[in-house]
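Reckoned from all heavy atoms, side chains included, excluding hydrogens, waters and symmetry mates.
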Amino acid sequence: MVKDKEIQGYRQQPGKLPFSKPGSGGKNSFSKPINLENIPVSQNGIKDQPWGPHRHDSLISGQVIGKSTALVDSAWKVTGQAQYGDDVRLPNELIGRIVRSPHHYAKILSIDCSKALDLPGVVAIATGNDAKNKFGVLPVTKDEHAMAVEKVRHAGDLIACIAAENENIAREAERLIQIEYEILESIHDIKEGLEDSEYPIHDRGQYHIGNSNIQKRVFQEFGNISSLEKNTVVSHQSNWTFAGVNHGFTEPHAVVANWSPDGRLTLYTPQQVPHYVHRSLADVLEIPMHQINVHRTFVGGGFGGKSDPFPHEMCAAILARKSGRPVRITFDREEVFWVNRGRHPSKIEMNLHADSIGRICGIETDALIDGGSFASFGHVTTYYNGVLHTAPYEIGAFHYTGARVWTNKPASGAMRGHGAVNSRCAVEVGLDDLAEKLEVDPITLRLANLLPPHSATITGFRVTSIGMRECLERVKEESGWSDKFRKMPLGKGIGIGCGFFISGSGLPIHWDPNKFPHATVHLKIDMDGGVTIHTGAAEIGQGSDTVVSQSVAEVLGLPLDMIRIRSRESDTSPVDLGSYSSRVTFMNANAAISAAMKIRDELIKAASDITGASEEVLVIGDRRIFDKNNPAIGVSYLEALHKSQEERGALISSGAYRTPPMGKTHKGAAAGLAPAYSFSAYVAEVSVDVETGKTIVDKVWAAHDCGKALNPLAVNGQIIGSCHMGLGQVLSEEMRYGRTGHLMNPDFLDYKIPSIHEMPEVIPIIIESNDPEGPFGAKEAGEGPLLPILPAVCNAVYDAIGVRTEDLPITSEKVFKLVEKKCREQGVSSPLDLKPPRLEFSDLQDTLEKRADLHSTRDIERRLDSSREEYYNGAIFGFDPTKSPEEVDENWSVRVIPNDDYLHSPRLAGSAWKHIERRKMGD
Amino acid sequence: MVEFRLPMLPQPGELVWSVNINGTEVKLNIESNAILLDVLRDQAGSLGTKRGCDMGTCGCCSVLVDGEPRLSCLTLAADMNGREITTVEGLANGHQLLSQNNNPTNEEIKTAIEGNLCRCTGFQQIVDSIRAASDIIRENNDIEDSTSAKSDPHPGFMEGN
């Protein structure tokens with residue numbers, strides 16, 4: 001057998017100059033010595049680790065992690081160079097325009113486009129008949145069409161779309177399209193959605209719930225509800241009404257579609273979740289996914305409002321296909337409100353019960369939420385309204401009934417704090433009331449009822465790191481709480497509120513997490529030494545490009561200016577779920593770290609080959625790999641890189657992240673599961689003018705446990721920005737519907753977002769609980785910080801004037817009416833004579849303080865002890881902490897279907913269970 | 001470009017529009033009823049000027065006209081003939097506020113930007129950054145040129161490391 005002749009490498013001739021090092025040169029031509037202040041004590045540095053060591057400690061090179069870092073794309077934005085959706089201008093473009101329904105609910109009898117098509121300058125028109133396939137966020141609730149098929153379901157629903165040479169012509173063509181409707185009786189009242197209807201807004205076939213407009217119903221019962229009455233000494237009961245709110249992102253939706261000559265579609269769109277659009281386009285256009293390139297543009301704010309696949313995105317693709325030219329569709333602000341997907345208008349009944357030693361022995365919640373005309377993320381939202389308030393407190397029993405109904409309104413969907421915000425507000429205000437009734441400090445009540453680190457909630461969520469206690473202690477101290485609470489004069493008040501939120505959703509909606517990872521990141525490094533990151537994490541302004549770049553830079557010991565990130569196009573990005581459920585930092589940074597570790601290993605091996613030092617002693621510092629015992633022995637990053645490139649050119653690696661197996665197995669157990677949870681506590685100080693009812697928030701102390709602030713600048717930004725958005729919902733924002741069901745304020749003049757003058761001073765406080773599975777210990781910071789501001793303000797209003805609101809937003813009119821009522825109750829004629837609430841603590845206060853102290857010790861021990869035992873919710877009530885209570889107590893139930901007893905007198909949303917699913921009829 | 005005109009509607013007139021945008025003299029044929037924002041975006045190529053609300057509430061479309069801030073979505077382009085317009089792309093030399101007052105108080109900053117709605121920051125950081133910019137101006141600090149050399153991937157080792 002003849003052996004292939006071995007290929008000889010280049011042999012350098014004696015006397016000739018060596019090759020120059022391609023890629024060398026630039027600023028800072030000496031490697032910075034390692035600063036031990038950046039290195040954790042576990043790695044022999046001097047950076048304190050009060051929460052213990054972390055699995056990523058050895059990857060800390062001291063470059064960027066934990067340092068306030070300007071976002072890597074900020075220069076584009078501040079100079080006006082960032083291309084958002086409507087800034088994509090392709091040659092020969094057409095302007096697309098959507099024809100929308102003027103009716104709330106109607107059958108479409110006919111559409112005549114002939115006159116419009118005859119208009120010079122009109123190039124293409126499409127209607128529902130051009131794309132009959134359904135799409136939607138969740139595979140089980142695909143209920144949207146590109147344009148209405150058979151009927152329109154809300155004013156503003158899409159009927160047709162036009163591509164024309166310019167906007168004027170498109171508008172004129174819109175006028176010329178003749179549509180015949182048969183108007184159907186529309187539904188606007190959320191309660192009506194629970195009833196049987198002649199024409200339900202959707203037909204879900206055998207899965208339809210009676211003939212109602214119930215899109216989703218949830219029943220959950222954990223623990224022994226029947227023993228509640230026996231143990232309860234005080235209860236809180238409230239019936240909340242939450243108005244719907246819109247994301248109010250600055251950039252209206254815009255999309256550009258272009259079919260290239262090779263027959264591939266590129267869709268330019270400011271999307272939070274390009275992957276959903278990718279899938280939906282394939283469904284609607286009946287082409288394979290590989291024929292589509294989804295190009296995420298810069299996103300001018302999303303907050304959940306740009307995470308659905310949208311009908312107008314389908315329309316642009318359909319029009320571009322028909323016309324053979326690029327089509328650009330841009331919304332005006334009114335159209336943004338027609339698409340909506342904002343927070344659900346909700347009616348929430350909240351019942352909290354406490355026992356004689358101040359334990360929260362029961363939470364019973366009933367949430368009826370108004371989904372508008374489409375499902376969107378609705379299944380998930382319906383669960384989140386319940387399950388996301390089963391922490392951070394240890395609870396004796398939990399009962400939740402939830403229902404989401406269709407009405408003929410623009411669809412509700414996911415918005416920052418998805419599904420958790422409204423019911424969290426109700427819980428936290430309820431706790432304030434319980435504390436009042438128990439005559440204890442509401443902060444102490446919370447501190448004495450917290451779940452410990454590494455525990456399980458009543459619904460089986462695995463809690464890992466928890467910095468709730470530290471959040472509460474810090475805001476209490478910094479706000480001067482003890483000197484102010486129930487002690488300030490009439491009209492001045494202080495209030496507390498807490499939050500709990502998922503750090504990434506455990507279940508990727510479209511695939512089995514065991515078969516495909518949640519997130520994947522690719523790295524490529526060539527001769528020049530610059531690192532190219534490919535990720536599908538959608539940069540929507542929150543800083544995902546920055547945090548992924550930071551993670552790679554840290555592991556490789558490189559300054560950020562050597563990292564470039566390509567996260568925009570599905571052609572080059574790994575499949576990714578995009579930016580929702582606060583998943584990016586946790587999942588993508590973890591995937592990026594894992595990819596970077598592979599490159600790091602290669603570089604260390606190369607450095608070992610060159611220097612002869614063993615791999616074990618080599619560490620990565622600033623652009624240099626060296627012997628930690630003798631830093632003089634080492635090579636530059638570029639030398640090591642070139643060495644490892646010898647046999648194969650560019651270094652390429654791929655890293656992935658998937659969540660560990662978690663949770664229980666009951667129906668709906670996956671909703672709310674997350675690999676980690678964030679915690680927050682805010683104290684708000686307010687001034688209420690008792691004569692006018694006007695509430696001004698003066699100052700907010702905002703503590704948030706984000707595990708580890710990879711970029712403190714961005715975390716602080718998220719905290720302050722969340723306060724602003726939450727303040728809007730509590731003080732002024734409301735989608736107002738008139739008597740005929742019409743949305744009355746689809747614009748920024750009448751939809752009142754707080755301006756700079758309404759914005760209080762916010763003191764952000766970062767708590768770093770060092771999550772064991774988070775990247776360098778990090779958890780989310782984008783959504784959780786919104787939750788506590790609503791109840792903190794509501795509770796502060798009570799402290800100021802003694803009235804409790806159950807109706808958001810708390811406009812002046814509403815507060816004034818409550819003040820009038822209070823005046824009658826106190827028998828005073830002027831509101832200025834009202835007595836503000838005062839509180840003398842009972843003996844229970846002392847008991848709770850002692851318990852809180854004990855728990856504090858317990859928690860510190862647990863977080864530092866890697867061989868700790870299990871801790872299940874219920875231990876505080878005397879159950880064995882190491883066993884799930886249903887294993888030891890036969891009365892401790894887990895039920896997800898109501899029994900007949902319940903159905904005799906259900907709560908409001910619970911009454912959804914009176915209907916029978918069609919497939920079960922006739923049983 | 002082919003002209004498409006609507007036969008059935010009264011047509012706006014056209015006029016020659018001559019302005020200075022970010023220091024460059026620009027001459028365009030515009031429709032007499034055109035809005036400044038549309039002309040800037042669609043004809044003058046200033047895509048940094050954004051449309052956010054169409055009704056003068058959000059401030060995305062702000063430009064400086066002869067140094068004074070103005071909402072381009074509420075401005076008739078024809079009225080701006082002969083004026084000097086500065087868009088976000090031309091703002092490198094400083095904001096209107098800082099050009100008149102290089103050491104503004106927080107209240108002055110708030111008043112200056114009260115016409116802008118911001119949904120991300122909660123405003124606090126905008127105030128902070130205007131303050132930072134005023135420090136740079138007053139102290140005459142250099143700002144690094146974005147095109148200057150980036151880091152050397154092949155650094156040397158210094159004793160003491």
Side-chain angles (χ1 to χ4, degrees), chain A residues 21 23-31 33 75 79-81 83-84 86-87 89 120-121 165-166 168-169 172 248-252 300-301 303 330 332-333 529 541 559 561-562 622-624 626 631-632 634 636-639 717 720-721 723-725 747-749 753 755-757 759 761-762, chain B residues 1-9 31 38 41-42 45-60 87-92 109-111 113-127 129 144 146 148-161:
Chain A
K21 211 152 224 7
S24 63
K27 71 172 178 185
N28 300 332
S29 51
F30 288 97
S31 171
T79 56
Q81 304 297 304
Q83 279 197 319
Y84 295 86
D86 187 58
D87 303 331
R89 304 289 171 104
E165 297 288 346
N166 64 41
N168 288 344
I169 295 168
E172 177 61 11
F249 41 69
T250 310
E251 180 203 15
F303 312 112
T330 303
D332 56 32
R333 182 56 60 178
D561 67 12
M562 291 180 62
D622 175 31
R623 295 165 291 154
R624 198 162 172 278
F626 52 87
S636 79
Y637 158 75
L638 199 67
E639 272 181 289
I720 302 168
C723 278
H724 173 258
M725 191 172 276
D747 60 74
F748 279 173
L749 265 186
I753 292 175
S755 80
I756 190 164
H757 295 302
M759 188 63 192
E761 182 189 359
V762 178
Chain B
M1 199 177 120
V2 190
E3 282 291 311
F4 288 90
R5 301 210 138 241
L6 300 173
M8 62 297 291
L9 291 177
E31 293 185 344
D38 293 333
R41 284 185 64 79
D42 298 339
S46 165
L47 289 165
T49 311
K50 305 294 182 196
R51 177 188 293 281
C53 71
D54 311 286
M55 57 198 311
T57 52
C58 74
C60 292
T87 67
V88 61
E89 291 96 337
L91 270 185
I109 294 176
K110 284 184 178 181
T111 306
I113 63 169
E114 66 189 355
N116 291 74
L117 278 184
C118 176
R119 197 55 156 173
C120 290
T121 60
F123 302 107
Q124 210 156 305
Q125 302 89 315
I126 300 178
V127 175
S129 53
E144 198 184 1
S146 66
S148 62
K150 308 280 186 211
S151 302
D152 184 353
H154 186 45
F157 166 71
M158 257 194 314
E159 213 45 64
N161 196 332

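Using a 4.5 Å cut-off between heavy atoms, Gln125(B) touches chain A through its side chain atoms alone. For Cys58(B), the part lying under 4.5 angstrom from a heavy atom of chain A is the side chain only. With a 4.5 Å cut-off on non-hydrogen atoms, Cys60(B) touches chain A through its side chain but not through its backbone. Residue Asn116(B): no heavy atom, backbone or side chain, is found under 4.5 Å from chain A.
Of the residues considered (Met562(A), Gln83(A), Arg89(A)), Arg89(A) shows the highest number of contacts with chain B, using heavy-atom pairs under 4.5 Å. Listed options Arg623(A), Glu251(A), His757(A) were ranked by heavy-atom pairs under 4.5 angstrom with chain B; first place goes to Arg623(A). The residue among Cys118(B), Gly48(B), Ala149(B), Gly122(B) with the most heavy atom pairs within less than 4.5 Å of chain A is Gly122(B). Here Lys27(A) is the residue among Lys27(A), Met725(A), Arg333(A) with the most heavy-atom pairs under 4.5 Å with chain B. Contacts with chain B were tallied for Gly248(A), Gly529(A), Gly23(A); Gly248(A) has the most, counting heavy-atom pairs under 4.5 Å. Per-residue counts of heavy-atom pairs under 4.5 Å with chain B were compared for Gly717(A), Gly541(A), Cys723(A); the largest is that of Gly717(A).
Ser31(A) places a side-chain N or O within 3.5 Å of a backbone atom of Asp622(A) that can act as its donor or acceptor partner.
Side-chain N/O atoms of Ser151(B) and Asp561(A) include a donor and acceptor closer than 3.5 Å. Counting only N and O atoms by type, the side chains of Ser755(A) and Glu114(B) include no donor and acceptor under 3.5 Å apart.
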List the steps, then state whether side chain to side chain donor-acceptor pair (under 3.5 Å) holds for Gln81(A) with Thr79(A).
-> CA-CA 5 Å; Gln81(A) 304 297 304; Thr79(A) 56; 4.6 Å; no
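Atom OG1 of Thr250(A) and atom CZ of Arg51(B) lie 15.0 Å apart (nearest 0.5 Å).
The two residues Glu89(B) and Leu47(B) make their nearest non-hydrogen contact at OE2-N, 3.5 Å.
A salt bridge links Asp87(A) with Lys50(B): the distance from a Lys NZ or Arg NE/NH1/NH2 to an Asp or Glu carboxylate oxygen falls below 4.0 Å.
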